[in-house]
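Right, one structure below, let's go through it.
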Amino acid sequence: MPDFLLQTVFNASYAASYMALIAVGLVLIFGVMGVINFAHGELYMAGAYAIVFFYVWSGLPFFVAVALGLVFVGCLGILMELTLFRPLRTNPLGGLIASIGFLLILQTLAVLGFGLRNQNVPPVSQGRITVGGAFLTYERLYVIIATVGLLTALYFFLRKSKFGWALRACAQDREAAALQGISINQTARYAMFIGAALAGVAGAMTAPLVAPSPYMGHSVIVTAFIIIIVGGIGSLEGAVVAAVLYAFVHTFVTTFYDGVIANIVGLLLMLAVLVVKPQGLFGVRERA
Amino acid sequence: MKSASSISLTRRSLLTGAASAALLPLVGMPKASFAQENVVKVGFLAPLTGPVAAWGKPGLDGCKIWADWVNEAGGIEIGGKPYKVELASYDDEDDAGKARTGATQLIRENDVKFIMMLGGNSWPGVEEIAARQGMMVSTLLPSDLTPDTTTLIAPCEVHPIYNVTGVDWLAANHPDLKTAVVCAQDDALGKPSVATYLAAFEAAGITMASPPLFFDPATTDFAPVMTQLLANNPDILCLDTCYADYVQPLCEQAFQQGYKGKIISCTLDFYQRIVERTSKEFMEGVIFQFPDFDDKALNDPRINFKKPNEFFAEYVKRYGATEWSAVSWEYSSILDLWADAAQRAGSVEPADVLVAMKEGGKGKHAFGDARWWGKELFGIDNALVGDWPVVVIRDGKATIAEFRSIPDWWDKNGQLLVKHMTDLGQMWNQRT
Amino acid sequence: MLLEVRNLHVHYNKVAALKGVSLQVPSGGIVTIIGANGAGKSTTLRSISGLTKPSKGEIHFDGQRIDNLPAEKIVARGIAHVPEGRRIFPDLTVEENLRIGAFLRTDKAKIESDIEDIFQRFPRLKERRTQWARTLSGGEQQMVAIGRALMSGPKLLLLDEPSMGLSPVMVQEMARIVSDIAERGVPVVLVEQNAGLALKLASYAYVLEIGTVAVEGKASDLQTNDHVRRAYLGA
Amino acid sequence: MPEKTSIGGAGLIGILILAVVLIAVPHLVSFSQQELLVLLTINVLVVVSYRLQTLTGEWSLAHVVMMGAGAYGSALFAKSFGFPVPLAMIAGAITAGLIATLLSFPLFRMKGFYFLIGSFAAGEILRLIWKRFTDPFGGPKGIQRIPGFPEIDLGFIHIDFYDPANYYYLVLVVVLVSLWVLYRVEKSRIGLTFHAIHWQDKLSESVGVDAFRYRMLAFVIASFFAGLAGALYAHYLSTVNPNQFDVNTMVYVLIWTIVGGTSRWYGPILGVVALTIVDEVILRSIGVDQVRPLLYGLILILAILFLPNGLESLVIKARDALRGRGGANVPNGEAVARK
């Protein structure tokens with residue numbers, strides 16, 4: 001039984017990691033751009049397909065492929081910013097619709113370029129660490145390490161660098177940020193690159209574990225929304241905490257009951273948070 | 001009513017032509033075929049886009065090969081005249097409303113004589129149109145059958161009944177295995193399949209180590225599912241009719257969590273990848289139900305599927321190996337059956353073909369002669385069952401171990417299947 | 001003249017907010033804009049700093065036209081704007097708020113000395129330098145907002161309602177801070193509802209009424225102007 | 001914002017033409033397009049009722065689930081309790097309204113983006129319940145063989161509502177009456193209060209308007225008509241299942257509404273009609289099934305980039321041009337982008 005529990009903790013840590021990457025990216029984009037990026041799940045999918053292209057087809061080393069995937073998906077984010085979100089900056093619902101259009105395009109491109117069926121990514125490593133009777137494969141461990149590393153880097157970037165402050169300032173008050181000489185366009189570009197790249201890394205790192213398919217984004221976007229609501233929409237720390245909370249609750253309920261109940265519990269958790277603290281665990285009350 | 005509708009039909013089609021010319025210049029009306037030869041059209045109504053497209057699109061691709069081959073050979077001969085076969089497809093997006101629109105278009109505008117569907121979510125939208133128009137429709141999901149659906153047939157994959165053959169074979173060849181666990185996604189495909197496996201295990205004297213585990217179709221991480229499944233150290237791990245996206249991670253998880261027992265599954269798409277991601281040793285002896293079509297055992301004379309090895313080669317050549325799946329051949333095998341019946345009937349009219357097809361209660365299923373069956377389960381004998389292959393992974397390659405008879409199993413253990421189907425609410429008269 | 005606004009028109013949603021405002025700010029001292037709620041005071045400042053695009057009219061700063069520039073470029077020219085409601089960044093620390101004011105500057109050593117200078121002027125902020133700005137009191141937040149604006153090293157400071165919502169003691173403190181800024185050589189445009197205070201501080205004043213300049217003149221003259229006394233000084 | 005309510009001569013002619021078109025249209029299109037027409041007309045009610053809900057400034061993602069509540073309710077009333085279908089439809093719509101009333105209490109504690117996602121969660125829970133509880137909801141397969149609208153047989157006239165043309169007229173009548181009711185609601189004091197709540201949240205509360213009650217009222221009315229649309233849908237297709245009311249469908253409703261525009265009552269109608277014709281008729285006829293979603297996505301993006309205020313802004317511009325006014329009276333982005 002202790003092994004069983006520990007195994008579940010390992011499982012939950014992995015789930016928390018990649019969900020945190022996705023959710024933090026989504027929060028960052030929402031914070032700075034003020035847009036609900038419905039295509040965020042498809043950016044995650046694009047990251048996974050970057051691995052298919054760079055690692056499986058082109059034969060590059062896995063981590064090089066992940067880095068290329070990061071850049072590629074980050075650039076997709078910049079593309080979205082330039083072509084969709086910038087012209088629609090005063091129109092958040094328009095941005096939402098545009099992101100749905102982008103989502104459909106990405107999905108179809110994946111089908112046309114790679115086929116309908118899910119793709120195979122050969123294992124990166126067959127190794128694993130064992131603790132008692134529980135174990136953690138290296139592939140999952142890499143995801144956890146990448147998440148911790150990237151989020152730490154992001155933390156220092158946001159707290160210690162001028163551009164980090166600019167990003168946070170923009171997310172908190174776009175107009176006041178402009179009054180400090182911060183270019184909204186430039187900041188938006190940073191935010192879209194980072195936010196998209198985080199989703200892309202999540203897709204790239206998990207690609208060997210999930211077998212990429214064109215519609216894989218759908219299953220994560222809903223979870224990501226739940227997480228950022230529980231955490232409080234404007235809060236990056238909240239997103240991380242909520243991802244961990246949600247992943248543990250979901251994994252434990254799935255292990256001890258079943259997945260549908262786990263989903264209902266997840267949704268109820270979110271509703272409860274909203275009713276008790278409508279601005280989320282870490283959120284600031286929405287400014288009028 | 002009849003005469004009135006035929007009058008209005010001509011007037012309406014005139015108006016339709018005028019309107020489409022005037023209002024919708026971009027909209028192509030179904031092309032009328034003025035070719036010299038006779039043409040018979042067959043409809044393909046299944047999801048071609050969206051998450052369920054993997055259950056439709058590869059089938060349409062397979063049917064194109066089938067039609068090309070038949071037409072290159074001069075078409076099918078009906079009543080002494082050669083007919084070319086044309087496919088008309090409509091993307092139903094796995095939605096009842098779109099399927100209804102599509103069925104109307106295929107029947108009343110494209111004039112098809114037979115419609116192949118995936119079934120499931122889309123079928124209820126088509127049911128009444130098919131009944132009123134007397135259109136013969138095939139489904140891959142026999143759970144669509146009811147006593148009222150007289151023109152609906154399940155002539156190829158009588159999912160999930162054939163799963164009994166795998167368990168039967170396993171019990172005969174590995175009598176030492178005593179306990180099993182089963183998991184499936186919680187949906188219309190998973191549930192009846194679980195009932196079938198439960199019945200088959202019970203018939204084989206294998207007990208369940210824990211109750212069946214249903215997981216949400218949106219599951220992305222299968223580690224917790226597997227952790228729970230393996231908690232009671234079962235001898236047999238049954239993956240039921242899990243979708244391909246689930247079977248692979250489930251097998252990997254079983255491998256990683258140190259499972260040493262037997263695995264049995266309904267499908268094992270892309271098993272080469274799973275072998276690659278686990279090990280040949282781990283996957284040795286895994287049992288499932290869908291052979292590779294380059295398997296030499298399919299050249300056996302009793303197999304009715306035409307040129308299976310060549311078909312597989314052509315499919316891979318045209319669309320790539322990764323697009324091949326069970327549905328790639330299933331719709332084509334239905335076309336075989338249909339063409340054979342039409343030739344015997346000397347007519348392409350749905351009613352005639354259906355009579356010819358069901359004549360004597362026997363039919364030529366892809367895997368051999370079979371009988372029309374299903375009254376006890378579906379309320380109607382419109383499912384074609386016979387032998388079904390038991391496929392075993394040997395040295396990293398799927399090989400047909402044996403063709404086993406579904407009817408034989410049913411004659412001995414039918415009441416068990418009915419019991420478990422009833423328990424899970426899967427009998428036709430339990431469905432709402 | 002440091003700043004010249006000529007015949008400025010602004011529309012929100014087809015509703016005119018400014019209907020031809022003209023004003024001039026010399027390169028020293030305090031100019032105030034007073035007027036009732038909705039008269040267009042804040043809109044005038046927002047147009048100068050580029051937050052609101054005028055539909056007609058020109059704004060010249062330091063001899064160059066700036067009304068077609070985006071806000072972040074106008075900051076670079078040397079106009080710092082402390083907006084209405086302070087608009088500090090609540091989830092940045094006090095020090096981060098101040099440093100972000102120097103976003104466009106690259107002279108690291110001078111930035112450090114300016115920070116120290118701000119902390120000397122506002123010792124309370126120094127005590128709270130690592131606190132989240134949202135935890136500060138209203139007066140302290142106003143100090144952060146002003147300090148943040150000064151950190152850009154401005155040639156002109158636009159102040160929108162610095163006394164709003166503050167205690168009487170704090171209002172006096174604010175008045176001292178504003179005159180101090182002007183005395184140190186940064187000209188100030190002060191928008192105030194507290195007309196009495198504003199006229200005491202400023203050397204020149206404009207009175208805005210429904211989008212136009214109703215009265216202008218030396219602050220000392222306006223203090224005795226009948227209309228101004230009746231409408232704004234509660235006499 | 002309030003529009004002219006009196007109808008001039010030109011308006012009368014317009015209405016007459018519209019009436020003729022609406023009556024004639026099923027006879028001008030192909031058989032499969034008749035089927036589309038029925039679904040489209042039902043969707044018109046879905047989007048117009050949705051717009052009413054958004055008048056208060058809150059965007060719900062539960063609207064399609066409310067439609068589902070009407071569909072499931074009506075199906076169960078007719079099938080399990082033997083209600084006559086017309087009665088079952090109304091009962092289904094009322095069910096949707098009641099569920100909306102209950103959901104209002106947790107939901108309207110939230111605003112803006114929180115409400116958006118909160119409503120999604122509430123709807124999703126309802127949908128998962130249909131999926132999870134096979135009795136009475138039928139589980140993932142849903143409910144089938146729902147009785148159709150009863151035939152009318154008066155001897156000399158026989159109307160079979162399975163025929164899409166006939167069902168279209170039935171739907172048309174129901175939808176037109178509903179649109180009229182929704183229009184009257186919007187123009188009434190209640191509707192003006194909805195607008196007021198949206199534009200001047202704080203102010204309305206300060207002058208004594210109970211914003212919660214009006215938000216709830218808008219949500220309940222919208223849900224009632226969504227439920228009615230769901231009932232029309234269920235008895236036409238004779239089947240309902242949880243997938244039909246999932247977030248994908250909701251996304252389409254959102255797309256139709258926003259691409260059409262929401263500042264006028266007819267905006268969403270333009271959206272749903274134009275996009276349905278584009279997707280179901282034009283894109284399908286090109287014969288590029290696999291690329292269809294891509295083209296649709298592209299069209300969405302172009303539509304929102306070049307007509308940020310929706311298709312309705314074209315109508316407004318055209319009308320202003322006809323009236324000889326120079327400047328187009330197009331509301332700015334905020335009207336569409338009400339947060």
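Just so you know, these numbers use all the heavy atoms, side chains as well, and skip hydrogens, waters and symmetry mates. Sequence lines set the chain letters: A, B, ... in the order given, protein chains first and strands last, and positions in each chain run from 1.
- The parts of B/Q257 that come within reach of chain A are both its backbone and its side chain, each placing non-hydrogen atoms under 4.5 angstrom from that chain.
- Residue A/P214: no heavy atom, backbone or side chain, is found under 4.5 Å from chain B.
- Between A/H40 and A/G195, the shortest heavy-atom distance links the atoms CE1-O, 3.5 Å.
- A salt bridge between B/D235 and B/K260 is absent, with no side-chain N of the basic residue lying under 4.0 Å from a carboxylate O of the acidic one.
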side-chain contact (heavy atoms from CB on, under 4.5 Å) between A/L21 and A/Y44, intermediate numbers included: CA-CA 10 Å; A/L21 280 182; A/Y44 159 79; over 6 Å; no
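- Of the residues listed (A/N11, A/T8, A/T251), the one engaging B/T227 in a side-chain hydrogen bond (donor to acceptor under 3.5 Å, both in side chains) is A/N11, and it is the only one.
- The part of A/Y14 that comes within reach of chain B is its side chain, from C-beta onward, which places non-hydrogen atoms under 4.5 angstrom from that chain.
- For a residue to count as touching a neighbouring chain, one of its non-hydrogen atoms must lie under 4.5 Å from one of that chain's; by this rule B/S325 touches chain A with backbone and side chain alike.
- For B/Q248, the part lying near chain A is the side chain, with the backbone staying farther off; criterion is any non-hydrogen pair under 4.5 Å.
- Heavy-atom distances place the side chain of A/Y18, and not its backbone, under 4.5 Å from chain B.
- No hydrogens or angles considered: a donor-acceptor pair under 3.5 Å links the side chains of B/H159 and B/T241.
- Heavy atoms closer than 4.5 Å to chain A are found in both the backbone and the side chain of B/E276.
- A salt bridge is absent between B/D91 and B/K98: the closest approach of a Lys/Arg side-chain nitrogen to an acidic carboxylate oxygen does not fall below 4.0 angstrom.
- For A/N263, the part lying under 4.5 angstrom from a heavy atom of chain B is the side chain only.
- Note on B/Q185, B/R277, B/Q228, B/Q256: by heavy-atom pairs under 4.5 Å with chain A, the leading option is B/R277.
- Side-chain contact check for B/D292 and B/Y271: at least one donor-acceptor pair (N or O, by modelled atom type) lies under 3.5 Å.
- In this structure, A/Y55 OH and A/L60 CG are separated by 11.0 Å, a value rounded to the nearest 0.5 Å.
- Chosen from A/N120, A/T206, A/L116, the residue pairing most often with chain B at heavy-atom distances under 4.5 Å is A/N120.
- With respect to chain A, the highest number of heavy-atom pairs below 4.5 Å among B/W324, B/F215, B/F270 belongs to B/F270.
- Counting only heavy atoms from C-beta outward, the side chains of B/I274 and B/F255 never approach each other to under 4.5 Å.
- Among A/N118, A/V210, A/T108, the residue with the largest count of heavy-atom pairs under 4.5 Å with chain B is A/N118.
- Using a 4.5 Å cut-off between heavy atoms, B/F214 touches chain A through its backbone atoms (N, CA, C, O) alone.
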